[in-house]
Amino acid sequence: MRDFLYSEIAAHHGVRNVPDNPELAIEAGRHLCEELLEPLNATFGRIAVRSAFRSCDVNALGNEKKLNCASNESNFAGHIWDRRDADDGMGATACIVVPWFTDQYQSGADWCSLAYWIHDHLPYSELEFFDGQGMCAFNLSWHQTPKKNITSWMKPRVLMKGGHDQGGFSDWYEDFPPFRKE
């Protein structure tokens with residue numbers, strides 16, 4: 001949990017980044033870890049967490065200072081793990097980098113290949129990719145009611161919306177390691 005609570009915004013501005021509702025944050029974070037992050041780690045090796053849990057205060061400050069934080073309301077059950085969204089849903093988001101894929105990406109691999117691999121193998125809710133200084137960083141979200149949306153700040157901007165019944169993209173990631181759950 002320590003990795004998830006660290007925030008550059010909080011550290012720089014001297015703001016505490018701790019959940020108001022630790023039980024909800026831990027439960028949402030457990031799903032994010034067990035269902036998404038651990039299988040990624042088992043398959044591709046160590047992953048890097050760039051940003052994860054944000055308290056309402058930290059997120060509001062990041063939004064106010066235009067530090068790539070959306071409004072608190074739109075981040076409930078996203079980066080703000082200890083608040084349910086408007087539909088009373090629980091969720092959690094982490095911004096991560098998969099170093100194994102960074103090497104592929106820097107050699108010309110399309111970010112869509114990793115997006116499609118995740119789509120075919122993991123119960124994600126939303127993926128949002130951005131270049132992240134050549135690292136192909138992305139927000140990975142777990143939600144109790146998954147949306148199955150894939151977007152990017154690169155091209156194409158929207159790769160998939162509501163892709164619950166879409167699958168079978170293995171041609172995109174033929175050279176990826178075999179899926180490992182643990």
Side-chain angles (χ1 to χ4, degrees), residues 4 24-44 47-54 59 68-102 104-105 109-132 135-182:
F4 296 133
L24 181 58
I26 290 168
E27 181 64 15
R30 183 182 64 75
H31 285 285
L32 175 69
C33 288
E34 290 178 359
E35 298 178 34
L36 302 175
L37 299 178
E38 289 174 7
L40 278 172
N41 191 63
T43 301
F44 297 105
I47 60 172
V49 176
R50 298 186 66 199
S51 172
F53 172 83
R54 295 183 196 142
N59 192 78
N68 296 323
C69 297
S71 70
N72 279 6
E73 292 74 21
S74 65
N75 253 329
F76 290 160
H79 276 292
I80 301 174
W81 303 1
D82 65 336
R83 294 282 193 287
R84 292 181 177 273
D85 63 20
D87 297 321
D88 200 37
M90 175 178 52
T93 296
C95 178
I96 68 168
V97 172
V98 177
W100 178 89
F101 187 73
T102 296
Q104 311 303 310
Y105 181 71
D110 190 323
W111 67 269
C112 297
S113 61
L114 182 58
Y116 284 136
W117 184 94
I118 292 170
H119 178 76
D120 281 353
H121 292 91
L122 301 176
Y124 74 98
S125 180
E126 296 184 272
L127 295 169
E128 183 177 32
F129 284 79
F130 44 96
D131 185 59
M135 294 185 289
C136 194
F138 59 99
N139 285 337
L140 175 61
S141 299
W142 172 88
H143 195 277
Q144 69 185 78
T145 309
K147 295 175 185 167
K148 294 294 192 178
N149 294 336
I150 303 173
T151 59
S152 173
W153 290 98
M154 301 176 285
K155 291 184 181 179
R157 177 72 177 104
V158 177
L159 184 62
M160 188 178 297
K161 282 285 194 192
H164 295 279
D165 297 327
Q166 297 178 33
F169 296 103
S170 60
D171 289 352
W172 279 83
Y173 52 84
E174 290 176 333
D175 57 345
F176 278 37
F179 174 67
R180 294 182 56 199
K181 188 152 178 103
E182 295 176 17

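Computed from a predicted model, the values in this text were never measured in an experiment.
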- Task: Go through Asp120 and Trp172 one step at a time and tell me if the side chain to side chain contact (heavy atoms under 4.5 Å, CB included) criterion holds.
- Result: CA-CA 11 Å; Asp120 281 353; Trp172 279 83; over 6 Å; no

- Can you see which heavy atom on Pro39 is nearest to which on Cys33, and at what distance? CD-O, 4.0 Å

- Message: For the aromatic rings, using the six-membered ring if either is Trp, is the centroid distance between Phe176 and His121 under 6.0 Å?
- Response: no

- Where is the tightest heavy-atom contact between Gly89 and Ala77, given as atom of each residue plus distance? O-CB, 3.4 Å

- Message: How about NZ on Lys147, more than 12 heavy atoms from neighbouring residues, nucleotides or ligands closer than 6.0 Å, or not?
- Response: no

- Within the distance-only criterion (no hydrogens, no angle test), does the side chain of Ser141 pair as donor or acceptor with the backbone N or O of Gly78 below 3.5 angstrom? no

- Going from CG on Leu40 to CD on Glu35, what distance comes out if it is rounded to the nearest 0.5 angstrom? 12.5 Å

- Is there a donor-acceptor pair closer than 3.5 Å between any side-chain N or O of Trp81 and the backbone N or O of Ile26? no

- Do you know the tightest heavy-atom contact between Leu159 and Ala115? CD2-CB, 3.9 Å

- Query: Roughly how far, to the nearest 0.5 Å, is the CZ atom of Arg54 from the CG atom of Asn72?
  - Reply: 10.0 Å

- Mind checking the CD-CD1 spacing from Glu126 to Ile150? Nearest 0.5 Å is all I need. 10.5 Å

- Message: Show me the pairs that pass ring-ring contact (aromatic ring centres under 6.0 Å, His included) and involve residues 135-154, at least two apart or across chains.
- Response: His31-Trp142, Phe129-Phe138

- On a heavy-atom basis, the closest approach of Ile47 and Leu37 is CD1-CD2, 3.7 Å

- Message: I'd like to check Trp117 versus Val98 (side-chain heavy atoms, cut-off strictly below 4.5 Å). Are they in contact?
- Response: no

- Query: So does Arg180 have more than 12 non-hydrogen atoms from other groups sitting under 6.0 Å from CZ?
  - Reply: no

- Message: Phe76 vs Arg84, test: side chain to side chain contact (heavy atoms under 4.5 Å, CB included). Steps then yes/no.
- Response: CA-CA 6 Å; Phe76 290 160; Arg84 292 181 177 273; over 6 Å; no

- Intermediate values then yes/no, side chain to side chain contact (heavy atoms under 4.5 Å, CB included), His79 and Cys69: CA-CA 9 Å; His79 276 292; Cys69 297; over 6 Å; no

- Message: Looking at every non-hydrogen atom in both residues, tell me the closest pair between Ala28 and Ala92 and how far apart they are.
- Response: O-CB, 3.7 Å

- Going by the angle between their ring planes, with limits at 30° and 60°, are Phe169 and His119 parallel, tilted or perpendicular? perpendicular

- Does some side-chain heavy atom of Asn68 sit less than 4.5 Å from a side-chain heavy atom of Phe130? no

- Message: Please find the pair of heavy atoms, one from Lys161 and one from Asn149, that lie closest to each other, and give the distance.
- Response: CA-OD1, 3.3 Å

- Query: Once you round to the nearest 0.5 Å, how far does SG of Cys136 lie from CD1 of Ile96?
  - Reply: 10.0 Å

- Message: My understanding is that only one of Phe101, Trp100, Phe179, Tyr173 makes a ring-ring contact (aromatic ring centres under 6.0 Å, His included) with Phe44; could you say which?
- Response: Trp100

- Item | Rounded distance [0.5 Å steps], CG in Leu127 versus SG in Cys112 | 11.0 Å

- Query: Rounded to the nearest 0.5 Å, how far apart are OG1 of Thr43 and CG of Leu122?
  - Reply: 7.5 Å

